[in-house]
Amino acid sequence: PLDWCERLSEGEDWLLKGRQAARTSQSSALHEVLDVEGSGRLDLDLLWSILQQRIEEDPAGASSWLDKQWSYVRDSYRQVGKGRGAAVSRRAEVTARGTCIEGLPGDSLAAVWGRYVQAVDVDDITSAFADLQGHLGLPSLAAPPAARPRKACSGDGIQRFRLFDQLTRELGGPDCCVPQLTQRCNQIVGQGSQMLQGHRAAIIGAGPIGLRTALELALLGADVEVFEARGAFTRMNVLKLWDWVVEDVKGLGAKTLLPAFAAYYDYMGIREMQAMLLKVCLLLGVTIHWKVRFQDLCPSGGDVVAWDIITDSNFTPGNFSAVVACDGWHSSVAKGLGIRRVRADGEDAEPDWEIAVVTNFENPCRPEDAVLSDWQWPRAFGDGEVAGVRRILYFQGETHYFIMTVDRQVLDESSVFVDASLPLAGNRSSGTLLAPENIVMTRLEAFVRQIAASFTEVAKQESGLAVGDGFWDARQVLRDEERGTMELSAFPYTECLRMSETPMVLQDGHAPVLFAGDALQEPFWPYGEGCSKGFLSALDTAWIMGRWASGVSHEVLLVEREMLFNCQLHTHESHQGKEVLLPHEQKPWPEWDFQGRRRPSTYLYSHDPSTRYRACSVKKELTKGQKLVVVGVVFLLTSLVVCLLLPQMPQ
């Protein structure tokens, strides 16, 4: 980091304007500001915050500074992320924060923790977690499905937090823990009883929203089980994150548990998001059932108001206090309950569909890949800028990711369709234009390679990038080995989104069934609504389940859930929900200390909607005792003012 700061020292006077820093002969002023703990490591988040503030204060100076220094700033993030895509192959002896634990025994707790935080694949994560449990002498929570008892939760949720606390205490140090998550767990352990203690929850789907819902329910004390039809994280697409979601995943330990997190700002791969959330879920005692496909719900027998889950496996888990459907817009849970999907704008007519094409090329992380990543990523072009597409977005992470909107006529001219006369509908069922059997995949692949090459040519003309002509020919389109399909697809989309006709099913004598993520409302992908609105629905679901557990009537619950869903619907990318959402962080005052270092802010959002939605942030009525205190203070202040002014008044 010292060498890197010397490279940036040319522009540090502009960057650090108005901030005092002691310059020594060994280091630059920039190093003194960014080395918050005096450990020789740089706080890259602080660098980014300082840069953002200076851009707002001096846009013209920022443009000049960035022209000279941008590649160096990007290098700093690449040092931590190791080129983002190389995280899978990094040595297990290096933790995500870059602290070398080489020399420790390979079976030591610290070495096993290093493997855990480095893992990205499901098998590697679960294997390393089992080793962690063995080191701590803890019973495995991953019992075979057939051996799991059909009974209500025993209420041992708090014990799970104590186990996590034991892990962090034995590891010690900021490089071997999840600091903010540790604080939340410590608070919960100190409080004793929790909102959902003694309740079991079933989550259908282990996507980002399903895992985020699972860990929030676990934080509230529930015994959570997740059912996922896939056996691995195979979704390679990229998520756009709103600012508050970035802070949320940081608060859940992304800096420690996701090796490449420092290489991103407001974009993240779905697979990486799932890997990070899975690690947190396992640490909180959540059970994941892989390769188990949901089929139906049925009421549990006996006096307990609960649900049993019918799956395609040889066991039927039961007695769940609540079921949360996070299984996408084609939700099997909704279909089983007869829940329809309706237009979010209230219209019944079929909307005008557009066609989107998404693909993922392999990223071998060679020097030529780094050249392309240095160029203003993620990069988007609009109408007419890249021939053949309306809009296109490129992002380099674990893969080279493209998503584009294309006119039907353009794809027809490339002979992509078997039958171009079929109707374009809002699904890809048989007999529609984008049905899998109506797409010639070899021609669709040829088309996206042509568009990628055109995109690169525009990049060359704009910034003079040194990218070879055969760059994309040397990179294969990735394959989903589990499903045997290419990471290449064409799908219909529209701004007239569809949503579930109800966010919750709550029948007399039955436990609640709630919907979150795409199962609740389809996201409009150009606005990054997938995770941003999906995480809101996860937090709303946790709040409603807690209210149900506290005995709130069905009528009140349904009204509250509809109100929260309405708040979520009105968040929009143009203002990132700021007209509906409260500020997500509280900045300290003064924001900067005397050494020119920024004080840490406090993240405010929780499952309580009054911390997130303006419509729910109603001031609480003062108690009788509080009113008496206010009256007393006002009386004393009035008396003091009178005593000071009375002698000065003319006789």
ask   = Is there a donor-acceptor contact under 3.5 Å from the side chain of D308 to the main chain of N319?
value =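 Yes: the side chain of D308 pairs with the backbone of N319.
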key: Any donor-acceptor N/O pair, S331 side chain to G328 backbone, under 3.5 Å   =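 Judged by distance alone, no pair lies under 3.5 Å.
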What heavy-atom pair brings [X] and [Y] nearest, and what distance separates the two atoms?
{"X": "A356", "Y": "Y493", "answer": "CB-CD2, 3.8 Å"}
{"X": "G530", "Y": "I209", "answer": "O-CD1, 3.9 Å"}
{"X": "L215", "Y": "L284", "answer": "O-CD1, 3.9 Å"}
{"X": "P208", "Y": "I270", "answer": "CG-CG2, 4.0 Å"}

Can the ring centres of [X] and [Y] be said to be less than 6.0 Å apart?
{"X": "Y605", "Y": "W244", "value": "yes"}
{"X": "W472", "Y": "F402", "value": "yes"}
{"X": "W290", "Y": "F233", "value": "yes"}
{"X": "F395", "Y": "Y267", "value": "yes"}

Taking atom types as modelled, find out whether [X] and [Y] have a side-chain donor-acceptor pair closer than 3.5 angstrom.
{"X": "Q396", "Y": "Y394", "result": "yes"}
{"X": "H400", "Y": "D369", "result": "yes"}
{"X": "Q295", "Y": "S332", "result": "no"}
{"X": "H289", "Y": "E228", "result": "no"}

request  = Output yes when E398 and R271 qualify as a salt bridge under the 4.0 Å nitrogen-oxygen rule, no when they do not.
outcome  =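 Answer for the salt bridge query: yes.
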key: Pairing of D480 and R235 as salt bridge, 4.0 angstrom limit   =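 Salt bridge flag = no for R235 with D480.
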key: Residue pair V357, L444: steps toward the side chain to side chain contact (heavy atoms under 4.5 Å, CB included) verdict   = CA-CA 9 Å; V357 177; L444 183 60; 4.2 Å; yes
task = Cation-pi check, R475 to F471: give yes when NZ or CZ is under 6.0 Å from the six-membered ring centre and within 45° of the ring axis, no otherwise.
result =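 R475 over F471 ring: yes.
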inquiry  = Given the ring of F535, does R212 sit roughly above its face, with NZ or CZ under 6.0 Å from the centre of the six-membered ring and within 45° of the axis?
reply    =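 Yes, R212 sits over the ring of F535.
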inquiry  = Holding to side-chain hydrogen bond (donor to acceptor under 3.5 Å, both in side chains), I want the full list of residues that pass it with S429, two or more places apart in sequence or in another chain.
reply    =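 In terms of side-chain hydrogen bond (donor to acceptor under 3.5 Å, both in side chains), with neighbours along the sequence ignored, S429 is linked to N427.
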task = Please indicate whether R391 has more than 12 foreign heavy atoms, meaning atoms of other residues, nucleotides or ligands, lying under 6.0 Å from its CZ.
result =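 Yes, CZ of R391 has more than 12 neighbouring heavy atoms, counting only those of other groups under 6.0 Å.
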ask   = What pairs with W329 under ring-ring contact (aromatic ring centres under 6.0 Å, His included), at least two apart in sequence or on another chain?
value =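 W329 satisfies ring-ring contact (aromatic ring centres under 6.0 Å, His included) with no other residue.
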